[in-house]
Amino acid sequence: MTGRGAVGLGATALVAALLLGGCGTSRSGDLGLAPTAPPPSAAPTDRPEPTPTRAAAPTPPATNRPPGPWTTASTGTRRLDPVTVELWYVRAGLLVPTRRTRPGTVATSRLALTELAAGPSPAEAATGMITLLPAGVEVTRIADGMATLRVPAVGDPATRRLREAQVVLTLTQFPSVRQVRLDDAAPVDRADYADLLPPIVVTGPIPGERVSAPLVVTGTATVFEATVSVRVLDAAGRQVATGFGTASCGSGCRGGYRVVVGWRTVREQKGTVEVYEVSAENGERIHTMAVPVVLAPRD
């Protein structure tokens, strides 16, 4: 996908798979591709037009083709399918992801920055997530894989860098954005903020999500012997499920993981999914990422 002169919108599936091939991988291997919501939510097609009305309306798909982001109602009126965007918030001085599904738009970068500035949901805020991005920040140009925008300055350099990281990690989920130029500085990408990721990143489930068994837990990690452990707690804090998996890269590099766990519950209730590393020194759980969820009874 190109800049504002491009026409046509392709549905780009934002999936939770992370392309991480080992310690000597490329930029996407270091941090992984931006994970996205599972089906049936449509993946956002990034057409971040500063002026959305200028975007050329694509021709609706023929009846013998699979539906794309544009669908046609019985009246013949074109409408956009909902889009799911990934947002990176700050938690305990590091960056963690979540998702939003919103009505369809061609200006997905504008939507993502607006949602980023709006801040976390109550469930997300309960985990300590905050946003440092003020309202009104917009992309002024996207061309040749470069998004250009200005981010208001703050006095504390560490806070400014976290704010910039929120923007860069959020915008580079879109295929049309590989790098970001902030305030006429040198272009940056995800690799420039690798140190702002926790040892374990959870991309799914997200805080407050209603989940059922079997549950697929996904993310990236840089942990001892690449082993990631998961446990599920019920409303009373009792352990109802456990599991473990191996990330695609071991200690000293970040790899993607996917762990499937199951449980049996007699009623719907609040719960917690904990993703952690088992300490090689004493067997204690370390680097724990706790995600509050709603546990649905198994069908």
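For the atom pair OG1 of Thr131 and CH2 of Trp88, the computed distance is 14.0 Å after rounding to the nearest 0.5 Å. The CE atom of Met146 sits 4.5 Å away from atom CD of Gln179, with the distance rounded to the nearest 0.5 Å. With rounding to the nearest 0.5 Å, the separation of CZ in Arg99 from CD in Glu86 is 8.5 Å.
Within the 4.5 Å cutoff, the side chain of Arg161 has no heavy atoms near those of the Leu132 side chain. Between Val85 and Thr101, the closest side-chain pair of non-hydrogen atoms is not below 4.5 Å. With contacts defined as side-chain heavy-atom distances shorter than 4.5 Å, the pair Leu113/Glu115 does not qualify. By the 4.5 Å heavy-atom criterion applied to side chains, Leu116 and Tyr89 are counted as neighbours.
Pro205 and Val293 make their closest contact through CG-CG1, 3.9 Å (heavy atoms, listed as atom of the first residue, atom of the second, distance). The shortest non-hydrogen separation linking Arg100 to Ser121 is NH2-N, 3.4 Å. Between Ala247 and Tyr257, the closest heavy-atom pair is CA-CB, 4.1 Å.
For the pairing with Val211, the side-chain contact (heavy atoms from CB on, under 4.5 Å) check across Val294, Val216, Leu295 returns one residue only, Leu295. Checked options Leu196, Ile200, Val201; the residue passing with Pro198 is Val201 (criterion: side-chain contact (heavy atoms from CB on, under 4.5 Å)).
Listed by chain and residue number, Arg150 satisfy the salt bridge (charged side-chain N to carboxylate O under 4.0 Å, His left out) test with Asp184 (two or more places apart in sequence, or in another chain). When the salt bridge (charged side-chain N to carboxylate O under 4.0 Å, His left out) test is applied to Arg238, the partners found at least two apart in sequence or on another chain are Asp234.
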> Going through the checks in order, is the side-chain contact (heavy atoms from CB on, under 4.5 Å) test met by Val261 and Thr242?
Replying inline: CA-CA 6 Å; Val261 293; Thr242 61; over 6 Å; no
>> With side-chain contact (heavy atoms from CB on, under 4.5 Å) as the criterion, how do Leu233 and Val240 come out once you've worked through the C-alpha distance, each side chain's angles and the decisive distance to 0.1 Å?
In response: CA-CA 6 Å; Leu233 309 177; Val240 298; over 6 Å; no
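Glu124 and Thr98 share a side-chain donor-acceptor pair at under 3.5 Å. With no hydrogens or angles considered, a side-chain donor-acceptor pair links Arg190 and Thr172 at under 3.5 Å. With hydrogens and angles left out, the side-chain atoms of Glu277 and Thr227 include no donor and acceptor closer than 3.5 Å. If you check the side chains of Arg181 and Thr148, you find no donor sitting under 3.5 Å from an acceptor.
In terms of hydrophobic clustering, with Ile, Leu, Val, Met, Phe, Trp and Tyr side chains grouped at heavy-atom distances under 4.5 Å, Val96 and Val202 are assigned to a common cluster.
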